[in-house]
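Values reported hereafter were calculated over all heavy atoms of this structure, with side chains retained and with hydrogens, waters and symmetry mates removed. For clarity, every value in this text was computed on a predicted model and none was experimentally measured. Letters A, B, ... mirror the listed sequences (proteins, then strands); counts begin at 1.
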Amino acid sequence: MKILKIPKDHLDLFVSVLPAFGELYAPVRRGKGHAFDRPALWSEVDLSYARTILPPRKFFLPPREATFRFDPKTGYHGLLAEAATPRVLFGVHAYDIYGLNILDRVFAQGRFADPYYVTRRRHTAIIGIDVEPDEAHFASSMNADAVDTGFDLFLSDLGEEYLVLVGTSRGHDMVTMSGCLLADPTPADFAEYKRRSSLRRAAYRTRVELNDLAEILEIEYRSQVWEDLGERCLSCGACSHVCPTCYCFDVADEVDLGSRSGQRVRTWDSCLFKMHAAVAGGENFRHTRASRIKFRFYHKQRGFVAEYGRPSCVGCGRCSVSCPAGIDITTVIRMIRGQTDAHDDRADLAGSRDGESVPPAPRPDLAHPADGA
Amino acid sequence: MSEPKVILIVDDDPDFKRAVAHLFESCGHRVWMADNGRQGFDLAKTVRPDLIVLDVMMAERTEGFFTLGRIRDDPALRETPVIVVSSVYADHPEFRVSPEAGWLPADLFLAKPIDPARLVEESARLMTAPAPSAGRRQAGSRGR
């Protein structure tokens with residue numbers, strides 16, 4: 001792997017060259033959060049962001065996409081070409097790159113590769129960057145705070161400069177096209193990189209114990225914790241929609257009014273939704289909220305381990321930050337491990353974060369019906 | 001005198017803008033002016049110019065590059081010829097990235113100070129030339 005460096009005050013000039021490789025997307029401020037979007041100016045790019053509202057998954061598995069059109073007279077017309085739009089995602093954190101690498105196992109490396117996903121991955125360049133973790137990040141616990149693959153370039157903070165890891169030939173082309181903006185690092189730069197590498201990992205203040213978690217989940221399958229969580233969970237699906245590795249989708253044929261032509265559309269789904277496990281005949285395998293939130297945890301932390309050898313969680317903290325009921329995944333894991341009393345007040349469930357207010361508890365008068373739906 | 005055209009000048013230097021405007025107006029063209037990239041882009045959407053003369057270093061030193069990207073992304077403006085005029089190479093010698101290397105989706109790059117006669121000549125050529133294929137103008141021609 002080739003390693004270079006670039007002064008931070010040259011980054012705007014470097015980024016000016018990137019549109020030659022595709023539409024540029026970078027973290028920009030949107031409301032109180034950040035989103036990967038097209039910056040109209042370099043000053044709109046905020047590389048100090050904690051996390052984007054939606055993960056980069058939205059570029060590869062869009063919230064809604066038409067996969068093909070159909071017409072009784074002309075047959076099927078694939079829409080794969082639209083997925084081949086070249087893009088550059090600039091400023092992606094390591095845990096999100098890790099999340100994409102996990103999605104690759106499902107959509108690109110499995111028995112049935114998804115051509116839409118694969119095409120978008122092939123045509124999208126990824127430029128990663130260091131993150132300053134906040135209280136909700138626990139990526140180091142999930143071994144997702146650093147990545148060896150899945151990026152074209154990765155920028156690591158050295159203070160006044162970035163160390164640039166070149167991960168692919170496309171990344172090498174970017175470096176070549178940007179002329180003399182990048183230079184060879186010195187031994188002092190490498191020493192600084194190693195010093196900061198240790199500090200980066202230590203900067204994660206929130207930690208969870210991952211070892212034997214799958215086994216403990218097996219033991220705690222009938223734990224009261226899941227029932228308590230079911231009482232709190234609103235089944236809104238926010239946690240799965242902001243998750244870098246959730247990929248459930250629904251498929252429907254939309255027929256044009258007054259004709260037999262139309263298109264097949266797939267949209268994001270969530271295992272938290274009541275109808276997610278409903279099948280023909282009126283049966284629903286996960287009728288209660290408790291069963292649905294339990295399923296989500298088991299799929300992430302246990303099912304994926306059995307199938308792929310590691311949990312699909314990357315520790316980005318998005319689910320905890322976005323949950324309107326204040327359910328914090330790290331607290332839930334600690335409770336399952338018996339490190340927190342499952343019957344403590346909701347502050348335990350929500351965790352405690354410095355400088356961040358805990359969302360208010362759901363009002364009893366707005367509580368969901370007792371059937372858990 | 002050539003057929004009157006609409007030309008948009010985007011530059012934060014009022015003297016340069018006025019001088020170039022006089023130059024084009026003396027050729028019979030109608031000139032619109034904008035002080036920054038955002039205003040220039042919005043004005044281009046409204047007046048649909050036959051040519052855009054675009055500075056790079058305005059409030060931000062890469063503002064013109066980003067504005068050019070927005071122009072090339074916009075279906076209504078994608079085919080509009082753009083001449084980038086800038087002293088970015090003189091002011092930032094570390095940026096030794098030739099515009100001829102294929103990364104800059106402009107029709108022409110002219111380093112400031114510019115030769116007025118060449119600007120008029122190249123403008124006339126671009127405003128009468130057939131539009132290039134959309135593929136050449138789209139972002140990511142090097143993407144794989």
Mind checking the CZ-CD spacing from B:Arg72 to A:Glu23? Nearest 0.5 Å is all I need. 14.5 Å
For B:Arg30, does the CZ atom sit with more than 12 other heavy atoms under 6.0 Å from it, leaving out its own atoms? no
Residue part contacting chain B, namely of A:Ala125, when any heavy atom lies under 4.5 Å: neither
Closest contact, heavy atoms only, B:Phe66 versus A:Pro39: CD2-O, 3.5 Å
Does any backbone or side-chain atom of A:Leu24 lie under 4.5 Å from a heavy atom of chain B? Answer side chain, backbone, both or neither. side chain
Straight-line distance of B:Trp103 CH2 to A:Ser178 OG, nearest 0.5 Å: 10.5 Å
If you apply the rule side-chain contact (heavy atoms from CB on, under 4.5 Å), what do you find for A:Leu13 with B:Thr62, and how did you get there? CA-CA 7 Å; A:Leu13 297 171; B:Thr62 56; 3.9 Å; yes
In terms of heavy-atom proximity below 4.5 Å to chain B, should A:Pro7 be classed as side chain, backbone, both, or neither? neither
Under 4.5 Å heavy-atom distance to chain B, tell me which part of A:Val15 shows up: side chain, backbone, both or neither. side chain
Around atom CH2 of B:Trp32, are there more than 12 heavy atoms from other residues, nucleotides or ligands closer than 6.0 Å? no
Flag, side chain of B:Glu63 to backbone of A:Leu41, donor-acceptor distance under 3.5 Å: no
Counting only heavy atoms not in B:Arg38, do more than 12 fall under 6.0 Å of its CZ? no
Roughly how far, to the nearest 0.5 Å, is the NE2 atom of B:His92 from the CG atom of A:Asp12? 8.0 Å
